[in-house]
Structures are given as structure tokens and as C-alpha cells.
Protein chains: 2
Amino acid sequence: MMDAKSPMDAKSPMRSSRTSIAAAPELTAGRSVTITDVASAAGVSPMTVSRVLNDRGGASAETRARVLEVAGALNYRPNSFAKNLRVDRSKVVGIVVPDIANPFFPEIIRGAELAARPAGYTLLTCNVVEDPEREEEVIGTLLERRVDGVILCSARLEEKRLLRAIEGHRAVVLINRVLPRRIAGTIEIDYAAAVEALVEKLIAQGRRRFAFASGLSTSYGGQKRRSGLDRALARHGLGLVTEVSSSPDLAGGSAVGRALLAHRGAIDALVCYNDLIAIGAMSVMKGEGIAVPEEIAVTGCDDIPVAAFVSPALTTLRVAKQDLGELAMRMLLDRIDGRNTQHGILIEPDLMARGTTDFP
Amino acid sequence: MMDAKSPMDAKSPMRSSRTSIAAAPELTAGRSVTITDVASAAGVSPMTVSRVLNDRGGASAETRARVLEVAGALNYRPNSFAKNLRVDRSKVVGIVVPDIANPFFPEIIRGAELAARPAGYTLLTCNVVEDPEREEEVIGTLLERRVDGVILCSARLEEKRLLRAIEGHRAVVLINRVLPRRIAGTIEIDYAAAVEALVEKLIAQGRRRFAFASGLSTSYGGQKRRSGLDRALARHGLGLVTEVSSSPDLAGGSAVGRALLAHRGAIDALVCYNDLIAIGAMSVMKGEGIAVPEEIAVTGCDDIPVAAFVSPALTTLRVAKQDLGELAMRMLLDRIDGRNTQHGILIEPDLMARGTTDFP
DNA sequence: TGATTTAACGATAGCGTTATCGTTCCTTAT
DNA sequence: ATAAGGAACGATAACGCTATCGTTAAATCA
């Protein structure tokens, strides 16, 4: 209740400095104001103050008003440690992302935050810079901090270690990773089907010689993209000309572009793990005079904001990132409250046909 | 000590499941393991366990080893609420950014994290989506959460409210905003000088008719960029053709681009508040057949990763974002420890001359 | 009227830690 | 041998909060 937004703020002119019950304006220096301070200033017991501030009832209108006024005048802030220790709830949830500098994740975070706030939860964002060790450590730290639950995005941790790491957490939701319903809620993006459909369209327009920029080999999502790609190619009796793995960022994309120079003429379509790789690769290719999409079609994945702003604009698979974040958070909150009804949700990306492919 | 990385991990094979002192493998379900559990299992007092786990000395080698082993076997995790309540320190610092989806900030966050971790601090990232109300509220929430300090990036809050909001916080560092040394450490980016130098170069190459995309009018950094621009123009007897304000993102940039269409022919250089606006505006201009840089030169600010990957590559003012984050964090940690030696640090951006201007 | 309920509080205890001081017991110096 | 010192612990209390139960007084009912 008190955590995200004090009821005081809602119901009483706390911040107005017109109040003058207790004149203690600038004692902020030393110890901070406790509930007991408020209680004695208002002439009631700490328990009454607690009741008022938490809207638990059991206080007369006059008492209530007086307490709120005093609390405001003293600029009282509940100590969340004491409260959380007592109630064994933190009203904090963690979200762990592989790389916050990848524009895919901030939007998920924003969505998660959007769903968390009205429920009174604070979101603790943790960046693990694509490092499994760090991931394991961070999940442990979150446990020490007694978060009420965790959302794990694209966890890279190997299954046994992942299980050990999340053991002890009250609630867990995974994005792009699966675990039994009892252990964690899971949300998957249907990359396989989406990439399959995308490749079908490329084949329909005459593309035959495909390269795949696969991102990190440890990525679960990368394997799913690959399987969709393979299915489409197989259906038409085609094989992959080459696969290049790289880090899933712009620098990785540059590396892919340079690697592909050796295959110039041998490929006419490049399917990328994500938009960053696509943009990085395209940049190198354009520098070498390779015409996109005439000579090589390029596709990304995610539809990060800048994808529509490069030129030619990038054809990609849009994932509703903010919705995804909201969905994950709602699922987590449900699990925190003991409801784990939803589980294996599958999200379908939308094909955003833009300039880097010449779809009709 | 215990917070970020337990000394147990460092000194003893805690996680090895070969230990068999107390056989309590899967009791994770109910209550979590407390220091008292460890104490009784190891046959010592809780105080002794606490001493061992915090490396305070006062324990024999045998006792120490036994305690560590038991703690490992029980998978003990200290309860940070209890600890923080007792010691009145959280080992958490907050960082407040206006928009986490703006690629400028994730890198600052990463830098801050880099400096925070070795010191045993966890970073709590808060996104305020360019909303002053939300900013005020978030700073208050951080106070309730008893963070040890806060870094505020580009605070949009009006001065009086800002002061009131940060009152009570143990330590505060501002990026791109100034307040007296006693109140907060400040780090400024010298946009005025950098933009001035940039505009001088544009003038030197013959540009005369300048437009300025100023971002949000409330931005302190925007005013500084403007003053640098004005100084350079004034020196050459030039005036600004037009100023367009917008949100500091890609959509804002598009709006700027569309607004500028009315001035086609009347401007030959567009100086933008940041790279996102520049990229958004360029995209519209290219769609309208305006040649960059031949007809209009475009410059950004920040040097976000994608700036070098659009085409033509964007000329911009590089800010060492990660260093900035590290610097801010170190300044904050100093303040938390009562040292506020550094204060008004000024960072100089570097001019990254690229394709959107035709500098020699 | 007397019995019973209800509202409005207060007193107490305890959440899991650690600071502080006290108690042993073993050295070492005198 | 005795005193003084230190090392290795244990007992206690407190951090700020709230769950729980107890108390009082007013309101309601038979």
C-alpha cells in the first residue's frame, strides 16, 4: 500500500507547507523521522499511525486527519526495510536483461514497469551484459534483496544452473525460454513460424541463395529462428549458403558484413538474428557498393525504433515489446499472488515489410 | 560486505554439494533460512555466525570453517532487510533517467554499474519517461527504499521542487544540472563550447542559414547548446533561421523534419539537440529528396551507437557516456562516504566528423 | 435495564540482523 | 605464583514496523 504511493499523498494536502501542528521543519540532518515520532507528535500510539497510513480503518475521522497532517508536516517516509522485514514482502520485482544497450529490452522494461506501478511494485532492472556468470550472480543478489519475483529475459544460463539459481525465488517468469509450469511462467515469441513465413516471401520474390546471421550460438531464440529458416528452405529444396555467428549488436553486424564480403555474388538474401546485426551488416555492405535490396535483400528481427529510420528502411519482424513486458509482469504478479493459471504463452511477431526487401 | 558477493563464496566451496554436515536439502518451500538456523546447526551463537560471514574476525579457524560449511549446505542467504534496518545502510544506489529507451542513457547506466559493483553496491535504475511528476515521485520512492544515494540524469524538475525532492537523501549527484556543492555533486557536459566549435566548422565550410532542433524546451542541456550556437552565429553576424522544439526521440525528429519542409531552400544546416532527432529528421528529408549533406548539413549530439551506421553517417558530438557513468558513480560513492571533494566537473565532447557534413 | 456487540484505540511482541558489553579461558609478563 | 592481557565466544537489546490481542467506552439489542 504505502510503497509506491503513500495514501497520504492521495487524500491529504501533505506537501502543503501551510500545516503547522508540529514545528520541526529542518531536522532532516540526523536521524530520519519514524512512525513513533509521528505518533507522539499527534498524541496517539504508533499502531494508530500505522493503521491510518495503511488505510486499515479503525481510526476516527478526526484522528485520521490529525495523523495525516502531522505525518505531512514532518515529511514522514515509512522505512521500507522495517516494513518489509515485518511483512516479509518487498513490493519489488526484478527484471534481468542480457544487455540494456540493446534497444529491444528497454521497451520490454517500460512495459513491465507500466504494469508494475499500478500494483504498487517497484521494478529493479539488472543488466548482465550477456554474461552467464553475472546472470547467476545477479539472480542470487535479487534473492538476498528479497524481491517478490523475477522476470528473466533471454536467460543464457544452462538449464541446471538456471534451476539452481531461481530456486528460492517466490515467483519467476521467463521470456524466450521454457521451464515447467510449476517452476516458472514462460512467454515465447514464435520466431520459428515468423521467420518461416518471412523466408517464404523472400523465396516467392525469387531469392534463392540465403545467408543467416545467427547471433550468439547459445541463444535459444537463435535456434528457433534457424529452424523456421530451415523449414522454409527445405520446402523448396534449398540449402543455406552460409551461417555467420556474432554478438547481437551493431559491432557484431559489422563483423557479419565483413565476413559476407567473401561470399559476394553467392548470396542474394541475408536473414539476421536481430535488427542491430542487420543494420551493422548493411552499413558495411553499402560501404562496399553492394545494393540493398537489389543485390542482396536484408531482414532483421525485433523492429527496434531505428529500424524504420535507416535507409533503405529495414524489413523486420515486429515484436510488441511493450505489450510483452506488460504481459510478463502481469503473469509474474499473478504468480506472486499464488495464481499460476497462464503459462506457455506464444507471441506472434508481425512482418514489417520495408525497403530492404522488395516485396510487392 | 555480504551484500554483493558473500565472502563465503570467495573463501570456501559453498556451492559444492559434497558437504553433509546438516542434511536439509529441500526445505526451501516454507520459511527461508536464517542466521539462527545456521547457528544452531553449527553449534554456535548467531553472533558468531554473523562475525564469520562478515569477516569481522573473532572466530577460530575451525569455527569459521564449520560455519561456512553449514551456511553453504543450508544455502543460507542473509536477509538484506534485517541487515539494512540494523546497519541503516542499503548498499543500493538509484539512478534516475528521463527515458531508458533513449540509447544515450543505457551506456551511462552501464558505466555507473561498472563502478558500483566492485564497491558492493547494487544499482536501481528508474525510468521516468520524461515526466517531472513521475520524477518527483520516483525520487521519493527511492527515499523510502532507503537507497544510500541517487544519480539524477538530466533532471527536468523545476529547482524548488527538485530541492524538496532530494532533501533527505544521503548523497546526490546530478548529470547535466547544477546545484551547490553542499547539496549535490554535479557533472556537466560542455555542450555550449562543443556546439560553438561545431558551428564554427559549419560556417567555415560555407554554411550560413542555420536551423536548430532544440528538443524539449525545459531541457537545461538544450539551453546550453543554444547558447553555444548563438555565440558562433553572432561572431559571424548570422542569425538563426528557425528553431523547432520536439521530444528528443525519433518521432520528434520526424516532426522536426516535416516542420522544416516549409523552410526548404531557406536553410543549409540543421543542428540537432541529439542524434535521435537528427536521424528522425534526416529520414523525412531523404524521403522528400533533400540531399544530405549537399543541400543541408545535419549534426547530432551524443554519438549513440547507431549514429555511425545510418547513411550518410551522422556527424555528432561524442560524449564518453560510459566514462561519464563511472565518474558519476565514483563521485556519488565518495559523497556517501562523506567525502565531497569533487564537484563541478565539466566534460568536453569530441567532434565526430562524418558524412552528414562535408568537412575537409 | 442489563447483556452484547462494535468501534477505537493501546500494549506487547517479534520479523532477522548486528553493536555492545559481558563472560570464559588461555597466554604471557612480572 | 599472580596479575594482566587478549582471544573466542555468548547474551542482550535494538533498528522501525505491524499482527495480534487486550482494553475501554459507546452503541445496539433483548
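Order of the sequence lines sets the chain letters (A, B, ...), proteins ahead of strands, with each chain counted from 1. Computed from a predicted structure; not experimentally measured. Computed from heavy atoms alone, side chains included, the values below leave out hydrogens, waters and symmetry copies.
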Open item on the list: Is it the case that atom CZ in A:Arg182 sees more than 12 heavy atoms from other parts of the structure closer than 6.0 Å?
Closed with: no
Open item on the list: Any donor-acceptor pair under 3.5 Å linking the side-chain atoms of B:Ser32 with those of B:Arg77?
Closed with: no
Open item on the list: Could you check whether A:Ser90 and A:Asn84, counting side-chain N and O atoms only, form a donor-acceptor pair closer than 3.5 Å?
Closed with: no
Between [atom2] of [N] and [atom1] of [X], the distance in whole Å:
| X | N | atom1 | atom2 | value |
| --- | --- | --- | --- | --- |
| A:Arg66 | C:dC9 | CZ | C1' | 12 Å |
| A:Met47 | C:dC9 | CE | C1' | 10 Å |
| B:Leu85 | C:dC15 | CG | P | 14 Å |
| B:Arg56 | C:dT20 | CZ | P | 10 Å |
| A:Asn84 | C:dT17 | CG | C1' | 15 Å |
| B:Leu74 | C:dG16 | CG | C1' | 15 Å |
| A:Ile35 | C:dA11 | CD1 | P | 15 Å |
| B:Arg89 | C:dT18 | CZ | P | 15 Å |

Would you mind telling me which of [options] lies closest to the side-chain atoms of [X]?
| X | options | answer |
| --- | --- | --- |
| B:Asn54 | C:dC15, C:dC9, C:dT18 | C:dT18 |
| A:Asn79 | D:dG16, C:dA8, D:dT18 | D:dG16 |
| B:Arg86 | C:dG10, D:dC9, D:dA13 | D:dA13 |
| A:Ala82 | C:dT17, D:dC17, C:dG16 | D:dC17 |
| A:Thr48 | D:dG16, C:dT18, C:dC9 | C:dC9 |
| B:Arg51 | C:dT20, C:dA13, C:dG16 | C:dT20 |

Task: Heavy-atom pair of closest approach, residues B:Ile95 and B:Ala112 - done: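 Shortest heavy-atom contact: CD1-CB, 4.2 Å.
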TODO: Determine the minimum heavy-atom distance between B:Leu123 and B:Ile109, stating which atoms define it.
DONE: CD2-O, 3.8 Å
- [ ] Could you check A:Thr34 against B:Ala59 and say which one's nearest nucleotide on DNA chain D is further toward the 5' end?
- [x] B:Ala59
TODO: Identify, between A:Thr36 and B:Pro46, the residue whose nearest nucleotide on DNA chain D lies closer to the 5' end.
DONE: B:Pro46
Open item on the list: Return the CG to CD1 distance between A:Leu174 and A:Ile187, rounded to the nearest 0.5 Å.
Closed with: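 With rounding to 0.5 Å, CG (A:Leu174) is 9.5 Å from CD1 (A:Ile187).
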Task: Heavy-atom side-chain proximity of A:His343 to A:Thr186 below 4.5 angstrom - done: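 Side chain of A:His343 against side chain of A:Thr186, heavy atoms only: contact under 4.5 Å found.
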Task: Criterion salt bridge (Lys or Arg N to Asp or Glu O under 4.0 Å) on A:Asp88 and A:Arg146, from CA distance to verdict - done: CA-CA 8 Å; A:Asp88 197 30; A:Arg146 293 310 197 263; 5.3 Å; no
TODO: Check whether any side-chain nitrogen or oxygen of A:Ser45 sits under 4.0 Å from OP1 or OP2 of C:dA11, and answer yes or no.
DONE: no
Open item on the list: When you measure from the side-chain N and O atoms of A:Tyr76 to the phosphate of D:dC17, is any distance below 4.0 Å, counting only OP1 and OP2?
Closed with: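 So the side chain of A:Tyr76 is within the cut-off, an N or O lying under 4.0 Å from OP1 or OP2 of D:dC17.
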Task: Axial bend angle, the helix from C:dT1-D:dA30 to C:dT30-D:dA1: five-pair end segments, nearest 10° - done: 40°
